[in-house]
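This report concerns only the one structure given below.
Counting from 1, the numbers follow the sequence of the chain as shown.
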Amino acid sequence: MNRRVYVAALAALTLAACASAVVTSQPWTPTSEADGWSPVSASTRTVGLGMPGAAVLGKGVRYAGGVTVLAGMDSPLHSQSDLKLTGDGGFISVSDVGDLARGRLALDARGRLIGLEGLSVRRLTLTDGAPISQKTEGDAEGLAITAGGDLLVSFERDHRIWNYGPLAALRAPEAVRRPDFPFTENDGMEGLAASGDGWRVAGESGGVWDCSAVRCAVVTPPPERPLADSDYRITGMDRDPAGGWFVVQRSYRAPIDVRARVRRMAQDGTLGPVLVELKLPGTTDNFEGIAAERRGDRTRLYILSDDNFNAVQRTMVLAFDVR
């Protein structure tokens with residue numbers, strides 16, 4: 001992701017969207033579990049979409065609640081880059097400093113997101129099983145859970161995709177196919193999602209590929225001119241349970257215009273109409289993660305923001321139902 005600091009914009013939106021919410025805390029238990037995960041404490045504050053009219057929701061889309069994660073600046077729950085759902089009411093996310101986090105989504109009687117529970121973290125490892133210790137090794141940006149249940153993680157700086165095996169029994173990673181493209185250091189494979197018997201990859205500066213164990217095929221070629229910060233760049237992707245994919249995009253124009261969009265992506269890489277647009281003076285941030293699941297006759301989407309360990313940005317999870 002681009003490391004610009006959205007200080008002025010995000011200071012303003014913090015006042016707009018964080019008021020009058022219930023905080024739920026979790027106890028701190030600083031012990032490592034047998035499977036390598038360590039419980040971690042945090043609080044969550046419910047959040048709305050801000051001033052009326054600031055958020056634009058497409059036809060058939062409704063807001064289904066959201067939370068801001070409150071944790072000390074030394075917590076590993078900051079700088080979250082992507083998330084996926086585990087099918088049992090749980091989620092897993094990854095940070096761009098090399099930590100995995102998992103927990104459960106707390107919903108109220110109406111199915112609205114009101115909190116996160118049972119949070120725990122563990123460090124990603126290198127191929128020899130040693131914990132990642134350097135930012136250049138651990139700049140994780142994308143997550144995917146394959147049809148076979150394996151956890152894939154895409155990294156930038158050292159551009160690669162690693163397979164960590166089944167989520168219930170993570171192991172030392174093995175490298176898998178990634179696009180044969182010279183990504184720049186800080187504009188890498190931000191979008192990663194399951195795709196049939198393989199995985200689909202989207203570059204932050206453009207380009208979409210379908211990969212398998214054998215090869216990566218170009219779906220949409222990268223543009224001759226890399227996308228600028230002010231363009232809507234794909235920063236997260238997940239499979240649409242009804243077919244195709246959903247993507248979250250981010251745009252930034254100095255000094256304070258930071259926006260996010262959610263759209264569908266077709267098999268050929270074409271993007272559909274905007275389903276969700278977040279902008280000032282409403283709730284917005286550096287959204288980089290997206291996850292989708294079927295709930296009744298609708299698809300539930302969750303989007304996740306990356307706060308870059310910046311005190312004026314926020315780690316948020318927002319939910320939307322799409323008909």
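Taking the ring axis of Phe155 as reference, the NZ or CZ atom of Arg160 stays within 45° of it and closer than 6.0 Å to the ring centre. Because its NZ or CZ atom is not both nearer than 6.0 Å to the ring centre of Trp245 and within 45° of the ring axis, Arg264 does not count as a cation-pi partner of that residue.
Counted by atom type alone, Ser154 and Glu141 present zero donor-acceptor pairs between their side chains at under 3.5 Å. Inspection of the Arg45 and Thr68 side chains reveals no N or O donor paired with an N or O acceptor under 3.5 Å. Side-chain contact check for Ser305 and Asn286: no donor-acceptor pair (N or O, by modelled atom type) lies under 3.5 Å.
Counting non-hydrogen atoms of neighbouring residues, nucleotides and ligands closer than 6.0 angstrom, the CG atom of Asp268 exceeds 12 such neighbours. Within 6.0 Å of the CZ atom in Arg215, the count of heavy atoms belonging to other residues, nucleotides or ligands does not exceed 12. In Asp88, the CG atom is crowded: over 12 heavy atoms of neighbouring residues, nucleotides or ligands sit closer than 6.0 Å. Heavy atoms from other residues, nucleotides or ligands lying under 6.0 Å from CZ of Arg253 number 12 at most.
Listed here is the closest heavy atom pair of Leu278 and Ala55: CD2-CB, 3.9 Å. The minimum heavy-atom distance between Asn310 and Met73, with the atom names listed, is N-CE, 4.1 Å. Closest non-hydrogen pair, Val262 versus Leu301, comes out as CG1-CD1, 3.8 Å. The two residues Ile132 and Arg123 have their closest heavy-atom pair at O-NE, 2.8 Å. Taking every heavy atom of both residues into account, Ser79 and Thr315 meet most closely at N-OG1, 4.4 Å. The two residues Val94 and Leu143 have their closest heavy-atom pair at CG1-CG, 3.7 Å.
Annotation: the span from Asp238 atom CG to Leu85 atom CG amounts to 7.0 Å, rounded to 0.5 Å. One distance of note links CE of Met189 with CG of Leu152; it measures 11.0 Å at 0.5 Å rounding. Taking OG of Ser41 as the reference point, atom CG of Leu119 lies at 9.0 Å (rounded to 0.5 Å). To the nearest 0.5 Å, atoms OG1 (Thr283) and CG (Leu318) are separated by 7.0 Å. For the atom pair CD (Gln134) and CG (Asp158), the distance works out to 12.0 Å, reported to the nearest 0.5 Å. To the nearest 0.5 Å, atom CD of residue Glu190 and atom OG1 of residue Thr235 are 6.0 Å apart.
In this structure, Asp82 and Leu304 have side chains that are not in contact, with every pair of non-hydrogen atoms separated by 4.5 Å or more. Glu204 places a side-chain heavy atom less than 4.5 Å from the side chain of Arg250. Using a 4.5 Å heavy-atom threshold, the side chains of Asn186 and Glu156 count as touching.
Note: the hydrophobic cluster containing Val219 does not contain Val201 (ILVMFWY, side chain heavy atoms under 4.5 Å, direct or indirect links). The cluster map of Ile, Leu, Val, Met, Phe, Trp and Tyr, joined by side-chain heavy atoms under 4.5 Å apart, puts Val40 and Val97 in different clusters. One hydrophobic cluster, built from ILVMFWY side chains closer than 4.5 Å, cannot hold both Ile92 and Ile161; they sit in different ones. Each of Val247 and Val258 belongs to its own hydrophobic cluster when Ile, Leu, Val, Met, Phe, Trp and Tyr are linked at side-chain heavy-atom distances under 4.5 angstrom. Note: the hydrophobic cluster containing Ile303 does not contain Val56 (ILVMFWY, side chain heavy atoms under 4.5 Å, direct or indirect links).
Separation of the Phe91 and Tyr302 ring centroids does not fall under the 6.0 Å cut-off.
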message: One pair to check against side-chain hydrogen bond (donor to acceptor under 3.5 Å, both in side chains): Gln80 and Ser93. What are the steps and the verdict?
response: CA-CA 7 Å; Gln80 299 294 307; Ser93 64; 2.6 Å; yes

task: Please report the C-alpha distance between Asp257 and Lys279 in whole Å, then the side-chain angles of each, then the deciding distance to 0.1 Å, and finally whether the salt bridge (charged side-chain N to carboxylate O under 4.0 Å, His left out) criterion is met.
output: CA-CA 8 Å; Asp257 189 359; Lys279 56 186 178 180; over 6 Å; no

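Taking a cutoff of 4.0 Å between a charged side-chain nitrogen and a carboxylate oxygen, Arg259 and Glu277 qualify as a salt bridge. Classification of Asp210 and Arg177 as a salt-bridged pair fails, no side-chain N sitting under 4.0 Å from a carboxylate O. Salt-bridge annotation for Asp96 and Lys135: present, with a side-chain N of the basic residue lying under 4.0 Å from a carboxylate O of the acidic one. The pair Asp307-Arg314 fails the salt-bridge criterion, with no side-chain N (NZ, NE, NH1 or NH2) lying under 4.0 Å from an Asp/Glu carboxylate O. A salt bridge does not link Asp297 to Arg323: none of the charged side-chain nitrogens sits closer than 4.0 Å to a carboxylate oxygen.
Residues that satisfy the ring pair (Phe, Tyr, Trp, His ring centres under 6.0 Å) test with Trp209, not counting sequence neighbours, are Phe181, Phe183.
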